[in-house]
Amino acid sequence: MAEKVLIIGSGPAGLTAAIYAARADLDPLMIEGMERGGQLMLTTEVENYPGFPEGIMGPELMDGMRKQAERFGTRIVSSDVSKVDLSERPFKVWVGGDLYESETLIVSTGASARWLGIPGESRLRGYGVSACATCDGFFFRDREIAIVGGGDSAMEEAIFLTKFASKVTILHRRDEFRASKIMAQRAIDHPKIEVLWNTTIDEVLGDDLVTGLRVKNVNTGEESMLPVEGFFLAIGHDPNTKIFQDQLDLDAAGYVVTNGGFTRTSVEGVFAAGDVVDHYYQQAVTAAGMGCQAAIDVEHWLDRTEA
Amino acid sequence: MGQNTIKGTDATFVELIGSSMPTLVDFWAEWCGPCKMMDGPLEEIAGNRSGQLQIVKLNVDENPSTAMQFGVMSIPTMIIFQAGEEKKRLVGARSKSQLEAEIASFVS
């Protein structure tokens, strides 16, 4: 028999949707994905989630939400969705060889770190290239490293990395950061941080381990080699919507388009919440809020269609 | 720590990977979110493959010299050893079925 509601993704949006759907007796099934808990699993201290006056560690917050969803009966499958068919109801969702069917879907697949796509980058991932400063900074004690990016998370991660590295070079393609003034200034003033402005990266160098970066000054065209043993990326995120292409309306950047004010998508019975929809706020608390909205929208939709 | 996996340390490491059984070592740390995902799958595989494969969990925070010796620069990293020799290295989290496929050739 088809599920009433199937939730794809397990960040704040998906888990909040699960908590609400479970408490509404919709017996939700969640496909949590390999990146269980979402981006917050890659963070350290979360200081702006209401209700935690002293802050809380990102992974701890997500463990708490997951336990809360399970407490009300959410069933969880720990794999990635490989394919969906939204052409008719019940919708079909494949996880490897297993097929699940559901009357409604909540898409909360979030966004994942963006990569540059330059030579050497994927080959040396785990051997000096990383998109997770909190996971891998530890391994670069007393070494010189570089980080690319210009937003708040790039500043935050650069400052975090100074706890380990002897020197952190921030590479940025423009001549000013997009980050908030306070974060940018904190990074620029840091004694262990140097900024290379107007700089792009053409290649990650190294046979078995990262030995440096081939970089270019975009103003002068001058190429040079920056010797570093670690290379971190903090250049933003892309929504995880590949499996929905040609099935849901997506905007030019790949985000799911929802119907103003509600979480409805272009397909009747499919709802979406969190960073997969939102390219503007992108906060744990806004994602959780949308997850709640999606669960309530699903409940009302089921009431209407069953009536 | 689970019941089926073995807690490794810098001091016991060489002895553990020298076992007559193939040994999968999971390099992890408390502050690594993606590492936590591996707990369940590794625990289950260690239970199912008991007698064929041993799974060792090595906390890199408490045992930095082993992690450094094997050039671990990202976690989770899992290395499969046979008779003390590195045979395969997996960097990044894997699902249980992916892990099963990776270890299949070592547990005939």
Side-chain angles (χ1 to χ4, degrees), chain A residues 10-11 31-45 57-63 66 76-80 82 95-98 113 122-143 145 160 163-164 206 208-210 229-232, chain B residues 1-2 10 24-48 57-80 86-102 104:
Chain A
S10 58
I31 315 292
E32 69 175 352
M34 280 305 298
E35 291 173 37
R36 164 179 143 189
Q39 291 172 53
L40 278 171
M41 297 299 278
L42 309 180
T43 63
T44 51
E45 192 95 34
M57 298 303 277
E60 202 182 323
L61 179 62
M62 298 322 296
D63 276 353
R66 193 172 186 271
I76 299 180
V77 175
S78 302
S79 279
D80 280 338
S82 28
V95 177
D98 299 332
S122 71
R123 180 173 56 85
L124 291 164
R125 193 173 173 183
Y127 300 91
V129 175
S130 172
C132 180
T134 55
C135 305
D136 301 338
F138 174 82
F139 299 104
F140 296 88
R141 207 173 285 278
D142 302 322
R143 300 178 198 213
I145 62 178
F160 172 79
K163 291 209 291 188
F164 309 101
D208 304 319
L209 296 171
V210 171
E229 291 179 73
F231 176 50
F232 289 81
Chain B
M1 196 64 51
D10 280 344
L24 182 150
V25 181
D26 173 37
F27 294 82
W28 71 283
E30 206 52 69
W31 33 259
C32 160
C35 295
K36 296 217 160 72
M37 293 190 40
M38 303 311 303
D39 292 349
L42 289 175
E43 192 57 38
E44 282 175 38
I45 291 173
N48 298 340
K57 303 211 32 129
L58 189 101
N59 183 322
V60 299
D61 244 344
E62 294 163 6
N63 306 284
S65 64
T66 302
M68 196 180 290
Q69 185 192 338
F70 286 92
V72 173
M73 298 180 95
S74 179
I75 48 175
T77 283
M78 285 153 282
I79 305 182
I80 300 174
E86 175 171 345
K87 294 292 181 189
K88 189 177 244 180
R89 184 177 289 226
L90 310 169
V91 178
R94 300 285 200 281
S95 70
K96 190 185 164 198
S97 55
Q98 286 170 324
L99 275 178
E100 289 278 11
E102 297 283 4

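So that the names make sense, note that chain A is the first sequence line, chain B the second, and so on, each numbered from 1.
In the displayed structure, A:Met34 atom CE is contacted under 6.0 Å by more than 12 heavy atoms of other residues, nucleotides or ligands. Surrounding CD of B:Gln69 are more than 12 heavy atoms belonging to other residues, nucleotides or ligands, all under 6.0 Å away.
Chain A forms the most heavy-atom pairs under 4.5 Å with one residue out of B:Gly71, B:Gly33, B:Pro76, and that residue is B:Gly33. When A:Met41, A:Met62, A:Met57 are compared by the number of non-hydrogen pairs under 4.5 Å with chain B, A:Met41 comes out ahead. Each of B:Gln98, B:Arg89, B:Lys36 has some count of heavy-atom pairs under 4.5 Å with chain A, and the biggest count is that of B:Arg89. When each of B:Val72, B:Val91, B:Thr77 is scored by its heavy-atom pairs under 4.5 Å with chain A, the top score falls to B:Val72.
Within the structure, the side chain to side chain donor-acceptor pair (under 3.5 Å) test picks out the following pairs touching residues 132-141 of chain A (sequence neighbours left out): A:Ser130-A:Asp136, A:Asp136-B:Ser74.
The side-chain heavy atoms of A:Phe138 and B:Met73, taken from C-beta on, include no pair separated by under 4.5 Å.
Neither the backbone nor the side chain of B:Ala29 comes within less than 4.5 Å of any heavy atom in chain A. Looking at A:Glu229, the atoms closer than 4.5 Å to chain B (heavy atoms on both sides) all sit in the backbone: N, CA, C or O. Neither the backbone nor the side chain of A:Glu60 comes within contact range of chain B; no heavy atoms are under 4.5 Å apart. Interface remark: A:Leu40 contributes no atoms to any contact with chain B (heavy atom separation under 4.5 Å).
We find the OG-NZ distance between A:Ser78 and B:Lys96 to be 10.5 Å, quoted to the nearest 0.5 Å.
Shown here for A:Cys135 and B:Trp31, the closest heavy-atom pair between the two residues is O-CZ3, 2.9 Å.
Qualifying ring-ring contact (aromatic ring centres under 6.0 Å, His included) partners for A:Phe232, counting only residues two or more places apart in sequence or in other chains: A:Phe140.
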